[in-house]
Amino acid sequence: MTEVELKEKKRKVQDDVELVEKKKKHKKDKKSKKDKKEKKSKKEKKEKSSESVEKVVDASNDVAQNEDLLKVPQAEIDAFYKENEVTVEDPQKLNLRPLLSFSHVSLEGTIQKEISKFPKPTPIQAASWPYLLAGKDVIGVAETGSGKTFAFGVPAIHSLVSSSNKKDISVLVISPTRELASQIYDNLIILTDKVGLECCCIYGGVPKDEQRKQLRRSQVVVATPGRLLDLIQEGSVNLSKVQYLVLDEADRMLEKGFEEDIKNIIKETNGNRANRQTLMFTATWPKEVRELASTFMRDPVKVSIGNRDELTANKRITQIVEVVEPHTKERKLLDLLKKYQGGAKKNDKVLIFALYKKEAARVERNLRYNGYDVAAIHGDLSQQQRTQALNDFKQGKSSLLLATDVAARGLDIPNVKTVINLTFPLTVEDYVHRIGRTGRAGQTGVAHTLFTEQEKHLAGALVNVLNGANQPVPEDLIKFGTHTKKKEHGAYGAFYKDVDMTKKPKKITFD
Ligand SMILES: Nc1ncnc2c1ncn2[C@@H]1O[C@H](COP(=O)(O)OP(=O)(O)OP(=O)(O)O)[C@@H](O)[C@H]1O
Ligand SMILES: [Mg+2]
């Protein structure tokens, strides 16, 4: 090889090495650029997501996470959760703090003043308001008489005050019975009146004309499904601007009898669930309705007070269950009235539940025959008679009310001392609601139940409720067996053994 050829080869080799190195460097540069880009986008994504969480929290900060609340030591918050058996299932992990006092929330002035007449928020109010005020969908499950009406009502009216739309119907509350709708209306109007908003109550059994007029000027509507659908169908009501939809007694509203009506009403509201805040409140939340509920809600936060998966009764109610022969019930009732209204107790309020309208009418006659001045409320009476009877009982003009399950849920009648179940209801959930007409807002009460062989398929579920509230379980009840009949169970059909006799209840406090 000549010297020239040798030089040429060396140069080529040199060139090749340079080229390989160049390629390597390029590859390295490209990789590091890519890494940097990925890192940057990851960082941005992280910032963005924490920003969106922050935003929601910020939005509620002023109102329901104020400085005073943020200063409370975590140990105090933890103790509150434990003492009140509060569980919050919060899919977005917002971790909003419960309001331990009314000073921890900054509501519109007159609403704040009105609600601060109570000593402090009840646990369901304390734990659900922060999420509601942050615009979240909420399922609220808490015992009977624990202030659920203001739990959903106060944030609804507060939000409406700060909303730009005060022309259309923005808040819609649905209730299963006329009497309950009317009671929710009485609660909400205290708030709406003070802030210049209009509230109306829509239910059947009374003329429609006045309701049509009221609907035209109201922003808040409380309604029973039947009459509301009637008015929707005739074009007297426009729900397309509803921002805040509440199903009170939500499990009842999602049962078969109401399911279609509810679907049809919800279709009429701000159809897309993303544009609407949806709330479901109740004291009993059976598994059977949970899936249907989720179809109307968007990432709901579930706030439960007390045992979250079992059916639980208010623990301040003394529950007495007596197993009797069916034909002795009405005589037994007279004995019970002597016990609960005899002598000095003659003005103590007693609420008697029968199951069927016909039974109620017969028992009413029998009680009158025996000298009792009894008021009655059931489906066969006119709306005016029903309203009159309930008002007389509420005001203490009559101290004895006989009712069917139309009065089982939600009614807040002051100072009912005793509930008597003359005939057991069709479900144990209804039993929990019925007895919940006593022992409200921190008071105590007695529920006396006559149980017969005809209801033995419910014995197991009733035993569970009694155990859960630390109440004595009569031997006669256990003799019926501890098989509970559920509406449905995937693996076992309708019947399966579901009673835990070893379970010990925890005490729950209510101030
Ligand atoms: N923060 C509070 N402190 C004390 N009492 C309250 C408070 N908020 C509401 N109450 C009162 O508690 C009573 C029961 O309230 P409410 O009817 O809302 O109970 P509920 O939880 O809806 O019961 P139910 O499950 O039977 O419908 C009412 O008389 C109400 O005025
Ligand atoms: Mg209620």
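First listed ligand is number 1; within each ligand, the first listed atom is number 1. Computed from a predicted model, the values in this text were never measured in an experiment. The first residue of the sequence shown is numbered 1, and numbering continues consecutively from there.
With a 6.0 Å radius and a threshold of 12 heavy atoms from other residues, nucleotides or ligands, K113 has its NZ atom at or below the threshold. For Q74, the CD atom is densely surrounded, since the number of other residues' heavy atoms within 6.0 Å is greater than 12.
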Evaluate Q383 against T387 for side-chain hydrogen bond (donor to acceptor under 3.5 Å, both in side chains), listing each step before the verdict. CA-CA 6 Å; Q383 189 50 47; T387 308; 3.1 Å; yes
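Side chains of N264 and E268: a donor-acceptor N/O pair is absent below 3.5 angstrom, by distance only. A donor-acceptor contact closer than 3.5 angstrom is absent between the side chains of H448 and T418.
Taking every non-hydrogen atom of T122 and a distance limit under 4.0 Å, the qualifying atoms of ligand 1 come out as 1 (N), 2 (C), 3 (N), 7 (C). The atoms of ligand 1 that sit less than 4.0 Å from any heavy atom of E143 are 21 (O). Applying the 4.0 Å criterion to heavy atoms of R437 picks out, from ligand 1, the atoms 26 (O). Every atom of ligand 1 with a heavy atom of E249 under 4.0 Å away is listed here by number and element: 27 (O). In the vicinity of S146, heavy-atom distances shorter than 4.0 Å reach the ligand 1 atoms 19 (O), 20 (P), 21 (O). Here is the list of ligand 1 atoms found below 4.0 Å of a heavy atom in A441: 12 (O), 13 (C). Interface of K120 with ligand 1, defined as ligand atoms under 4.0 Å from a residue heavy atom, comprises 1 (N), 2 (C), 3 (N). Residue contact check: R440 has heavy atoms under 4.0 Å from atoms 14 (C), 16 (P), 17 (O), 19 (O), 20 (P), 23 (O), 24 (P), 26 (O) of ligand 1.
Contact between P98 and L69 at its shortest, heavy atoms only, is O-CD1, 3.3 Å.
Ring-plane geometry between F451 and F424 is classed as perpendicular, the angle between the planes exceeding 60 degrees on a 0 to 90 degree scale with a lower cut at 30.
Considering backbone and side-chain N/O atoms, G145 comes within less than 3.5 Å of an N/O atom of ligand 1. At under 3.5 Å, a nitrogen or oxygen of G147, whether backbone or side chain, sits near a nitrogen or oxygen of ligand 1. Where the criterion is an N or O separation shorter than 3.5 Å, residue side chain and backbone included, H433 fails it with respect to ligand 1. An N or O contact shorter than 3.5 Å is missing between N187 and ligand 1 by distance.
Across the listed options T149, D412, T144, V141, D412 owns the non-hydrogen atom lying nearest to atom 28 (C) of ligand 1.
Taking NZ from K329 and CG from N421, the interatomic distance works out to 10.0 Å, rounded to the nearest 0.5 Å.
In this structure, K148 contributes its side chain and E143 its backbone to a donor-acceptor pair below 3.5 Å.
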